[in-house]
There are 4 protein chains.
Amino acid sequence: MGQPDTMTRILDTAEVLFAERGFAETSLRNITGKAKVNLAAVNYHFGSKKSLIQAVFARYLEPFSERFHAAIDALEADYGEKVIPLEVLLETMARTVLEVPAEKHSLKVFMRLLGLAYSQAQGHLRRYIQDEFGTVFTRFVALVREATPELPDAERFWRLHFVLGTVIFTFSGLDALRDIAEKDYGEHVSVRDLVRRMSPVVVAAMNAPLPEGGLEQAESTSALVSEGKGAVN
Amino acid sequence: MGQPDTMTRILDTAEVLFAERGFAETSLRNITGKAKVNLAAVNYHFGSKKSLIQAVFARYLEPFSERFHAAIDALEADYGEKVIPLEVLLETMARTVLEVPAEKHSLKVFMRLLGLAYSQAQGHLRRYIQDEFGTVFTRFVALVREATPELPDAERFWRLHFVLGTVIFTFSGLDALRDIAEKDYGEHVSVRDLVRRMSPVVVAAMNAPLPEGGLEQAESTSALVSEGKGAVN
Amino acid sequence: MGQPDTMTRILDTAEVLFAERGFAETSLRNITGKAKVNLAAVNYHFGSKKSLIQAVFARYLEPFSERFHAAIDALEADYGEKVIPLEVLLETMARTVLEVPAEKHSLKVFMRLLGLAYSQAQGHLRRYIQDEFGTVFTRFVALVREATPELPDAERFWRLHFVLGTVIFTFSGLDALRDIAEKDYGEHVSVRDLVRRMSPVVVAAMNAPLPEGGLEQAESTSALVSEGKGAVN
Amino acid sequence: MGQPDTMTRILDTAEVLFAERGFAETSLRNITGKAKVNLAAVNYHFGSKKSLIQAVFARYLEPFSERFHAAIDALEADYGEKVIPLEVLLETMARTVLEVPAEKHSLKVFMRLLGLAYSQAQGHLRRYIQDEFGTVFTRFVALVREATPELPDAERFWRLHFVLGTVIFTFSGLDALRDIAEKDYGEHVSVRDLVRRMSPVVVAAMNAPLPEGGLEQAESTSALVSEGKGAVN
DNA sequence: AATGAATGAGTGTTCATTCAT
DNA sequence: GATGAATGAACACTCATTCAT
């Protein structure tokens, strides 16, 4: 079967190291050294470190987008005019998310990369994700909208991101959290366990009652927030 | 009143830059340049960059721990033998979280730092946080346990971290998310608005029904997870 | 007619880029990229960058030498035994210089390359020029010698190079100088204008009176030079 | 007496290497290696290679400007209302040009650097020279103007640059030219000899008759220029 | 005859840290 | 107590050249 070619070796190594350490902390020397390819090969094949980072993402996002579109097509065919229940939508997404990295390396890597893309100052990454992922996500949101007609649009937007935070945080910090859980509760959780645990939580989160008070009364009703004098903005 | 002293100037500048760019992407030159102090001052006052990062955290975590302990003391005094409801516990934590950065700079910075601590390869940071924050968090978890007696311990652990993910993700990516929300829904959300919105979601998440099937049947019952052949570990 | 072949495309592109930026600042990637040929084509067709530089020169110098020989032949035929006046000699050279690049790209390119050959550490270039251009130049100098019998040989040598400096400097820095002239005097000068302007100056320079004092008294008579204590060597 | 400090060592070494090879062909490693200083010292002291190049120039241009101003002051004081003759002006400039490098290292280096600044694509250098040298040069041109009232301004501009070309070309290629002269004419010329030789040539060049034909008849009168069909622009 | 892939040596620059003062 | 100078190691990236096909 032989060695995978240079580009693949670089991508395989890069995604692991990026996930382990972050982008800035991973040097091209780290990557090329571990991948046993020439240092200049990265710039030859990808042009720059920035482009390599994008290429690492592309390997996940492109098949994910494609499959997710297909999965949504299938759902729409199944349900016809009927509303697709929220549970089914989320389940479908989860299944697709899990499928793609399964063929590559690991969910953790994918999530870690997503998390880094949000939390690190990689503007170009966020833009790339928006471009690549935007259309299918918009489609998904439209279906979620039908499944949650009682939610105002803005509310739905925020809840989806609350949930996204849960997913990304959990899976990107998977090792650390798993270590603690194992130490404290003596149980080793698999990704499947976690998804099973996450499922009702996410559904409940999306279906939570609206906050008390209309938006226009925001300031007055919530007891949750003290009046910080300072720079809480 | 004059200038704040060198150490404070360094800390003030560092926390902003760390939050904006991440740890690796922020050089000591960036910090000392912006803070208008000598380059060697960081190593002089803090010993190393690593220690500076910890010092930046300490400024948040120490008062946070202290206040959180105090808030819990107050709650326990109030409720005596009675169980403190989950809503009250979460509300108390939220209030404390918001109070501390309010006196310093911004919630966003604090959350960003927390998020980075989890997502970046800063093992020393995670350890530090555990040390500093562990005891009060344990105390908090014990009260949450009383408030959610139906939850298995492990389940509670994970749900708390699911929720932590929501909070950290939302606030550390605040600017980006706010931009999108403003563009798409034409509304500017304050931190207070967000907390108000997050509140019922978080409560619902904690109170969600248990996943179907016992833990021992994990593999068999969930329809959420496909059987990836690959490296989903 | 179609595209010119690969070698020509490389030469055409290289001469422009060399003239614009210099040799070291022009990479083979620059050239092959702009010429839309394969990167390896330069080494394939020319063997090395050094050889390419020489080839670029050759395209000018060879036809120039040939034509200049021919022009001198014609002059000698015309004047027979009579002395060819200096003006005519210089005019002939100027005409030939201007003719050759006219068929290729531009005078500026030629001069720039000449200037670079002198000012940069391209020993191989200087040697090449000597070889290619030496014989016809010797022939020319012999005629100049007849036209300026009063000049000692060494004096003539230097004056020809003084004049060469004028020509190369002016035309190789043409764009910069033209910009200044246009800004300051509001007139756009063409190459023809410049040659017309240069002509009487060059003739006057060649015909200038000999410096006061014989060569053997060099040290004592000239008031032009102060006694630098230093490394004026 | 001890070693000169790091900055000076870098400047001393850099100017020699730049003059010998050009800017692009001289690496910071060349410089720091020969100067026996740390590689990072260049960026520490000068910020960048570009700035180092400018600093190398500044060491010549600044004292030159200063002295030239002073020399012109002295001339004006001497001559009062009377016109300062062209010879005196040129002589004064020559003396100043020779004085400055004499205290530093060598005229050749200075000229070579000047030539490089014109012939290489160092836009930032040309700008720097313009800034640093512009005012005193303007002053000088004003005096030359009085000394050559018959010359149109544009004509004077060009002739000064013709002459500048002679000077820069001769001195920056000094070694090569001197080698040839020595081989062919068996005489070793000193810089003083060269200046003595150049002097009447330069004066004659400035005083040459105006080109035949007015500017508006440029095209029609000069026999010097053939009509190139091509890109002679 | 021509080229995509690859490479080793080199570039300028930045880094956190150290040290003499 | 504080800092300007310096440093070795590392950085991303570019280079001309080579080579298998």
Side-chain angles (χ1 to χ4, degrees), chain A residues 5-10 23-33 35-53, chain B residues 5-7 9-10 23-33 36-53, chain C residues 5-7 9-10 23-33 36-53, chain D residues 5-10 23-33 35-53:
Chain A
D5 70 357
T6 301
M7 285 189 70
T8 307
R9 283 232 297 290
I10 293 173
F23 300 124
E25 294 89 345
T26 303
S27 74
L28 296 188
R29 275 168 185 78
N30 290 156
I31 295 169
T32 55
K36 293 196 164 51
V37 303
N38 187 279
L39 168 62
V42 170
N43 279 290
Y44 176 74
H45 286 288
F46 299 94
S48 69
K49 186 181 182 179
K50 217 176 252 191
S51 305
L52 171 62
I53 295 175
Chain B
D5 70 355
T6 300
M7 288 188 68
R9 284 234 296 290
I10 292 174
F23 301 123
E25 294 90 346
T26 303
S27 71
L28 296 188
R29 269 168 188 77
N30 291 156
I31 296 168
T32 55
K36 293 195 165 55
V37 303
N38 187 276
L39 169 61
V42 169
N43 282 286
Y44 179 72
H45 287 290
F46 298 93
S48 71
K49 187 182 183 180
K50 214 175 257 191
S51 305
L52 171 62
I53 295 176
Chain C
D5 71 355
T6 300
M7 288 188 67
R9 283 233 296 291
I10 293 173
F23 300 123
E25 294 90 345
T26 302
S27 72
L28 296 189
R29 267 168 189 74
N30 291 155
I31 296 168
T32 54
K36 294 193 165 54
V37 303
N38 187 275
L39 168 61
V42 169
N43 282 285
Y44 178 72
H45 286 290
F46 297 93
S48 71
K49 186 181 185 180
K50 215 175 255 190
S51 305
L52 172 61
I53 294 175
Chain D
D5 70 356
T6 301
M7 285 189 68
T8 308
R9 283 233 297 289
I10 292 173
F23 301 124
E25 294 88 345
T26 303
S27 74
L28 296 188
R29 276 170 182 78
N30 290 156
I31 295 168
T32 54
K36 293 196 165 51
V37 302
N38 187 278
L39 168 60
V42 170
N43 279 290
Y44 177 73
H45 286 288
F46 300 94
S48 70
K49 186 180 183 182
K50 215 176 252 190
S51 303
L52 171 61
I53 295 176

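Excluded from the calculations below are hydrogen atoms, water molecules and symmetry mates; all remaining heavy atoms, backbone and side chain alike, are included.
- Atom pair I10(C):CD1 and dA16(F):C1' shows a separation of 14 Å (rounding to whole Å applied).
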Whenever both distances are under 3.5 Å in a Watson-Crick or G-U wobble pair, mark it; put DNA chain F into dot-bracket that way, with [ ] for crossing pairs and | when the partner is on another strand. .||||||||||||||||||||

Distances for protein N/O vs nucleotides 9-11 of chain F N/O pairs under 3.5 angstrom?
residue, atom, partner, partner atom, Å
dC11(F), OP1, S27(A), OG, 2.9

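- The CE atom of M7(D) sits 7.5 Å away from atom CD1 of I10(D), with the distance rounded to the nearest 0.5 Å.
- No engagement by T6(C) is indicated, since no non-hydrogen atom pair under 4.0 Å with the nucleic acid exists.
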Can I get a per-line list of side-chain donor-acceptor pairs under 3.5 Å for residues 41-48 of chain C, giving both atom names and the distance, sequence neighbours left out?
residue, atom, partner, partner atom, Å
S48(C), OG, K50(C), N, 3.4
S48(C), OG, S51(C), N, 3.2
S48(C), OG, S51(C), OG, 3.1

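- A pairwise comparison of heavy atoms in A24(A) and E25(B) identifies CB-OE2, 3.4 Å as the closest pair.
- K36(D) contributes no side-chain N or O that, together with a main-chain N or O of R9(D), makes up a donor-acceptor pair within less than 3.5 Å.
- For T8(A), the side-chain contact (heavy atoms from CB on, under 4.5 Å) partners two or more places apart in sequence, or in a different chain, are P4(A), D5(A), D12(A), R59(A).
- Residue order along DNA chain F, read from the 5' end via each residue's closest nucleotide, puts Y44(D) first among Y44(A) and Y44(D).
- Qualifying side chain to side chain donor-acceptor pair (under 3.5 Å) partners for N38(B), counting only residues two or more places apart in sequence or in other chains: none.
- Each of V37(D) and S48(A) was assigned the nucleotide of DNA chain F with the nearest heavy atom; the assignment lying further toward the 5' end belongs to V37(D).
- Atom pair M7(B):CE and dG1(F):C1' shows a separation of 13 Å (rounding to whole Å applied).
- For DNA chain E, the span of nucleotides reached by chain C at under 4.0 Å from its heavy atoms goes, 5' to 3', from dA1(E) to dG4(E).
- Nearest-nucleotide positions on DNA chain E for V42(D) and A41(C) put A41(C) closer to the 5' end.
- L39(B) contributes atom CG, which lies 6.5 Å from atom CG of L28(B) (distance to the nearest 0.5 angstrom).
- Taking atom CG of D5(D) as the reference point, atom P of dG4(F) lies 16 Å away to the nearest angstrom.
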